[in-house]
Amino acid sequence: MSEFRLYNTLTRRVEPFAPVDGSTVRMYACGPTVYNPAHLGNFRTFLFEDLMRRTFALYGWDVLQVMNLTDVDDKIIRKAAANGQTITQVTEPFTELFHQDRRYLRIQDAEVYPKATEHIPEMIALVETLVANGTAYVADDGSVYFAIDRFADYGKLSQLDKREVRAGARVAQDEYAKENAQDFALWKSAKGEDEASGAAWDSPWGRGRPGWHLECSAMAMKYLGETFDLHAGGIDLIFPHHEDEIAQSEAATGKTFARCWCHGEFLLTDGAKMAKRVGNVATVVDLREQGIDGAVYRHFIFNAHYRKQLNLGEDSLEQSQAAVRRIGTFARRLAEATGGTAALADAAKRAEDAFRAALFDDLNAPEGLAALFTFITEGNRELDAGGGDVAALAEARRVFGVIDGVLDLVPAADNTDGELAAWVEERLGARRDARARRDFAAADAIRAEIVARGIALEDTANGTKWRVG
RNA sequence: GGCGCCGUAGCCAAGUGGUAAGGCCCGGGACUGCAAAUCCUGUAUUCGUCGGUUCGAUUCCGACCGGCGCCUCCA
């Protein structure tokens, strides 16, 4: 089997990747901050991580994936304060929505979804370690900061040494409390609104709450160990979030935190980064309301490499819809066929080899998709040819299953209500009679009637088939 | 200002130092009563522009033009 290769942000190169224990990939993926619906840009990253875990499984590895749910942070507290709610009241509905959305996009369950608020003791323990070993210091107000100049490797992920900080760019409002403007908060002393919204806990430094980066370090190490295989997230998290995670984790343990770092590029909308602040966000709910299958969005995302920016344009989803329809048609033909040809099995074999090679080479999904479509064209040709080779058909089905087990692009079966189905069947009967007496004008009128309701017809040797769309 | 990415057919998008995957759309043909689905077939002598290296560059180097991102909360 070909070697698995991944781009590692730490080295800025594509390099061989394998779990350190040889069998289970331990990966941590930064999850959503649950104070708003996650948008399609966020889901591009989650889809990239879904592709990643499924590809690891295809390679034969087990996967232990942890995705955190950030349920305490400035924005959540601000929203809670504005609504006179607790942070839990703010985060619960959005946590539920997140899971609904990810299921709609067929994103597989991670093994663990830890919440920040349920790991306060672990976070405090981590801060205590850092204070004890001198890399963190307590400010007068009870906040605790990490001193970046006491961690020699600070900046290795984002290659800070190659940058110049823009003059006047960083003026944090609580800078007065820090020894160095770039030190970051591990623990923030509680303010009035923190207490009011339930976002304050007892600590050795008084009432307070965790800094943003802390939860990921504490929870990753709790569930995956002090050193684990892979840490993934959006490219914007490289700095400062991931840089700070490395600092606080490695300063505490003296060990490598994540062995490999992977970052997915942004989704743009009409040329600009999709972001709440820009106001150009679209959500999974929008997709649902437009009747766009999750498979369509998956196709759109996987049609571009994860390390390239991707623009969601006017007809992007329409193109993907057509592509996915073709995949669905092939899946149906494969399921309904009764036999194949030797050439069908050959095509399947080539497709599987090409698909694996593409995905194991830094998750090249576009190339994997090309292998799938080549298989579909060749497979359709053989299916047209007929053939009674049952083993060949079984092989083709198996390979299709392998590929779709990773991409998951077959549109959902129509969940037509019984009433509509009965109506279609009745009309189809009338059309059949009309065709039998060669009254094609009447038959076509009935077809137009059915098509007008969004049903597609297909006359085959075994009668007329129909489906929504 | 610093760091980085990108610019491939009408659209989306892979890719390689030796001559351009795949999808969508479109044209022609087969099949069909007509369609649909499917198949066959045709669409980039060319990969932003200008130079350089090379026997040979879209692929390497440089400059330029254009787009995007990060440096601050951020997938």
Side-chain angles (χ1 to χ4, degrees), chain A residues 12 29-33 38-49 73-75 78 158-173 182 212 232-241 263-268 271-278 299-300 302-305 307-327 329-330 332-333 354 358 361 364-385 435 438-441 443-444 447-448 451 456-461 464-467:
Chain A
R12 311 274 157 152
C30 286
T33 299
H39 61 251
L40 294 183
N42 298 314
F43 276 107
R44 182 186 185 191
T45 298
F46 302 143
L47 241 14
F48 144 61
E49 290 152 355
D73 93 318
D74 293 358
K75 281 178 267 190
R78 206 177 306 139
S158 51
Q159 305 191 170
L160 270 188
D161 52 326
K162 285 170 63 179
R163 302 187 187 196
E164 234 174 55
V165 175
R166 180 169 43 188
R170 268 174 191 278
V171 184
Q173 59 268 62
Q182 291 182 59
W212 173 36
I235 195 167
D236 53 341
L237 296 184
I238 293 175
F239 186 85
H241 189 234
H263 295 92
E265 254 293 356
F266 280 127
L267 176 72
L268 313 180
K273 170 182 174 180
M274 181 180 282
K276 285 157 193 157
R277 65 189 310 193
V278 181
H299 173 89
F300 168 66
F302 295 156
N303 193 223
H305 188 88
R307 283 193 287 115
K308 270 198 170 182
Q309 291 178 351
L310 173 63
N311 185 245
L312 177 62
E314 198 55 45
D315 56 354
S316 301
L317 264 18
E318 285 170 33
Q319 292 188 12
S320 287
Q321 190 134 36
V324 147
R325 195 176 297 135
R326 182 165 160 79
I327 295 170
T329 300
F330 182 63
R332 204 177 316 120
R333 290 194 70 184
D361 182 17
N364 194 331
E367 210 164 279
L369 227 25
L372 204 215
F373 279 104
T374 299
F375 178 39
I376 289 175
T377 297
E378 295 176 348
N380 272 139
R381 185 192 308 149
E382 295 310 314
L383 255 18
D384 280 353
R435 293 181 76 206
R438 303 192 68 76
D439 182 353
F440 297 120
D444 288 351
R447 179 171 61 199
V451 169
L457 294 191
E458 196 175 321
D459 293 327
T460 74
T464 301
K465 292 178 189 163
W466 65 275
R467 65 181 180 282

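Reminder, nothing fancy here: chain letters follow the sequence lines and each chain counts from 1.
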> Given that Asp361(A) and Leu457(A) both sit by RNA chain B, which one's nearest nucleotide is further toward the 5' end?
Replying inline: Asp361(A)
> Base, sugar-phosphate alone, or nothing: which one does Lys276(A) contact when heavy atoms must sit under 4.0 Å apart?
Replying inline: nothing
> How far does the C1' atom of U8(B) sit from the matching atom of G67(B), given to the nearest Å?
Replying inline: 15 Å
> Whole-Å distance between G69(B) P and Met274(A) CE?
Replying inline: 13 Å
>> Counting only side-chain heavy atoms from C-beta out, which of G33(B), A13(B), A75(B) sits nearest to Leu310(A)?
In response: A13(B)
> Sequence neighbours excluded, which residues qualify as side chain to side chain contact (heavy atoms under 4.5 Å, CB included) partners of Ala275(A)?
Replying inline: Lys273(A), Arg277(A), Val278(A)
> Between A37(B), C73(B), C34(B), which one does the side chain of Arg467(A) approach most closely?
Replying inline: A37(B)
>> I need the CG-C1' distance between Leu237(A) and G69(B), as an integer number of Å.
In response: 13 Å
> If you take all heavy atoms of Arg44(A) and His305(A), which pair is closest and at what distance?
Replying inline: NH2-O, 3.0 Å
> Is Arg447(A) side chain donor-acceptor paired with the A35(B) base, going by distance under 3.5 Å alone?
Replying inline: yes
>> Output the rounded distance in Å from NZ (Lys308(A)) to P (C12(B)).
In response: 12 Å
> Residues two or more places apart in sequence or in another chain: which of them pass ring-ring contact (aromatic ring centres under 6.0 Å, His included) with Phe48(A)?
Replying inline: Tyr306(A)
>> In this structure, how many angstroms lie between the C1' atom of C5(B) and the CD atom of Gln159(A), rounded?
In response: 13 Å
>> Say we look at A9(B) and A44(B): how far apart would their C1' atoms be, to the nearest angstrom?
In response: 5 Å
>> Can you check the distance between C55(B) and G2(B), where both ends of the measurement are the P atom (answer in whole Å)?
In response: 37 Å
> Roughly how many Å is it from CG in Asp384(A) to P in A37(B), rounded to a whole number?
Replying inline: 13 Å
> Which heavy-atom pair separates Cys30(A) from Phe46(A) by the least distance, and what is that distance?
Replying inline: O-CE2, 3.5 Å
> Looking at A75(B), G33(B), U38(B), which one has an atom nearest to any side-chain atom of His39(A)?
Replying inline: A75(B)
>> Closest approach to the side chain of Asn42(A), judged atom by atom: which nucleotide of A14(B), A37(B), A75(B) is it?
In response: A75(B)
> Counting side-chain heavy atoms from C-beta on, which of G33(B), U38(B), A75(B) comes nearest to Asn380(A)?
Replying inline: U38(B)
> Mind checking who C70(B) pairs with, Watson-Crick or G-U wobble, both distances under 3.5 Å?
Replying inline: G2(B)
>> I'd like the P distance from C39(B) over to G22(B), given in whole Å.
In response: 13 Å
>> Over all strands shown, is His305(A) touching base, sugar-phosphate only, or nothing at heavy-atom distances under 4.0 angstrom?
In response: sugar-phosphate
> What heavy-atom pair brings Leu310(A) and Ala304(A) nearest, and what distance separates the two atoms?
Replying inline: CD1-CB, 3.7 Å
> For the base of G4(B), is there a side-chain donor-acceptor partner from Arg12(A) under 3.5 Å away?
Replying inline: no
>> What is the distance, to the nearest angstrom, from the CZ atom on Phe239(A) to the C1' atom on U72(B)?
In response: 9 Å
> Hey, is the side chain of Asp459(A) pairing donor to acceptor with the base of C34(B) inside 3.5 Å?
Replying inline: yes
> On a whole-Å scale, what distance lies between the P atoms belonging to A21(B) and G33(B)?
Replying inline: 38 Å
> Using purine N1 to pyrimidine N3 plus N6-O4 or O6-N4 for Watson-Crick, or N1-O2 and O6-N3 for G-U wobble, both under 3.5 Å, which nucleotide pairs with U38(B)?
Replying inline: A30(B)
> Roughly, in whole Å, what's the span from CD in Glu265(A) to C1' in A13(B)?
Replying inline: 16 Å
> Looking only at heavy atoms, what is the nearest atom pair of Arg307(A) and His263(A), with distance?
Replying inline: CG-O, 4.0 Å
> Per the atom types in the model, does the base of C40(B) pair as donor or acceptor with the side chain of Arg381(A) at under 3.5 Å?
Replying inline: no
>> Can you tell me which nucleotide in G33(B), G7(B), C70(B) comes closest to the side chain of Asp236(A)?
In response: C70(B)
>> On a heavy-atom basis, which atom in Ile376(A) and which in Phe330(A) lie closest, and how many Å separate them?
In response: CG1-CD2, 3.5 Å
> At under 4.0 Å between heavy atoms, what does Gly313(A) touch on the DNA or RNA strands: base, sugar-phosphate, or nothing?
Replying inline: nothing
>> Give me each pair satisfying salt bridge (charged side-chain N to carboxylate O under 4.0 Å, His left out) with a member in residues 365-380 of chain A, each pair once, sequence neighbours excluded.
In response: Arg350(A)-Glu378(A)
> Using purine N1 to pyrimidine N3 plus N6-O4 or O6-N4 for Watson-Crick, or N1-O2 and O6-N3 for G-U wobble, both under 3.5 Å, which nucleotide pairs with A57(B)?
Replying inline: none
>> Test side-chain contact (heavy atoms from CB on, under 4.5 Å) on Thr45(A) and Ile235(A); report intermediate values, then the result.
In response: CA-CA 9 Å; Thr45(A) 298; Ile235(A) 195 167; over 6 Å; no
> Which whole-number value in Å describes the distance from Leu160(A) CG to G4(B) P?
Replying inline: 13 Å
>> Taking the C1' atom in each of G10(B) and C25(B), what is the distance between them to the nearest angstrom?
In response: 8 Å
> When we call it a touch if two heavy atoms are under 4.0 Å apart, what does Gly264(A) touch: a base, just sugar-phosphate, or nothing?
Replying inline: nothing
> Of the nucleotides G33(B), C70(B), A75(B), which has the atom closest to the Lys273(A) side chain?
Replying inline: C70(B)
>> Heavy-atom nearest nucleotide on RNA chain B for Asp315(A) versus Ala456(A): which residue maps closer to 5'?
In response: Asp315(A)
> By side chain to side chain contact (heavy atoms under 4.5 Å, CB included), which residues pair with Asp315(A), not counting sequence neighbours?
Replying inline: Glu318(A), Gln319(A)
>> Can you identify which nucleotide, out of C73(B), C68(B), U38(B), has its nearest atom closest to the Pro240(A) side chain?
In response: C73(B)
> Applying a 3.5 Å limit to both distances, which nucleotide forms a Watson-Crick or G-U wobble pair with G62(B)?
Replying inline: C50(B)
Could I get a table of every N or O pair under 3.5 Å where one atom is in the protein and the other is in nucleotides 21-26 of chain B?
{"unit_1": "G23(B)", "atom_1": "N2", "unit_2": "Gln319(A)", "atom_2": "OE1", "d": "2.6"}

> With sugar-phosphate meaning primed atoms plus P, OP1 and OP2, does Asp73(A) contact a base, only sugar-phosphate, or nothing at under 4.0 Å between heavy atoms?
Replying inline: nothing
> What residues form a salt bridge (Lys or Arg N to Asp or Glu O under 4.0 Å) with Arg333(A), not counting sequence neighbours?
Replying inline: Asp384(A)
> Any idea which of C68(B), A14(B), A35(B) is nearest the Gln309(A) side chain?
Replying inline: C68(B)
> Say you pick atom C1' in A14(B) and the same atom in C6(B); how far apart are they, in whole Å?
Replying inline: 15 Å
> Taking the same atom, P, in U46(B) and in U41(B), what whole-Å distance lies between them?
Replying inline: 24 Å
> Base, sugar-phosphate, or nothing: which does Arg307(A) touch, judged by heavy atoms less than 4.0 Å apart?
Replying inline: nothing
> Going by modelled atom types, is there a donor-acceptor pair between the base of G33(B) and the side chain of Asp444(A) at under 3.5 Å?
Replying inline: yes
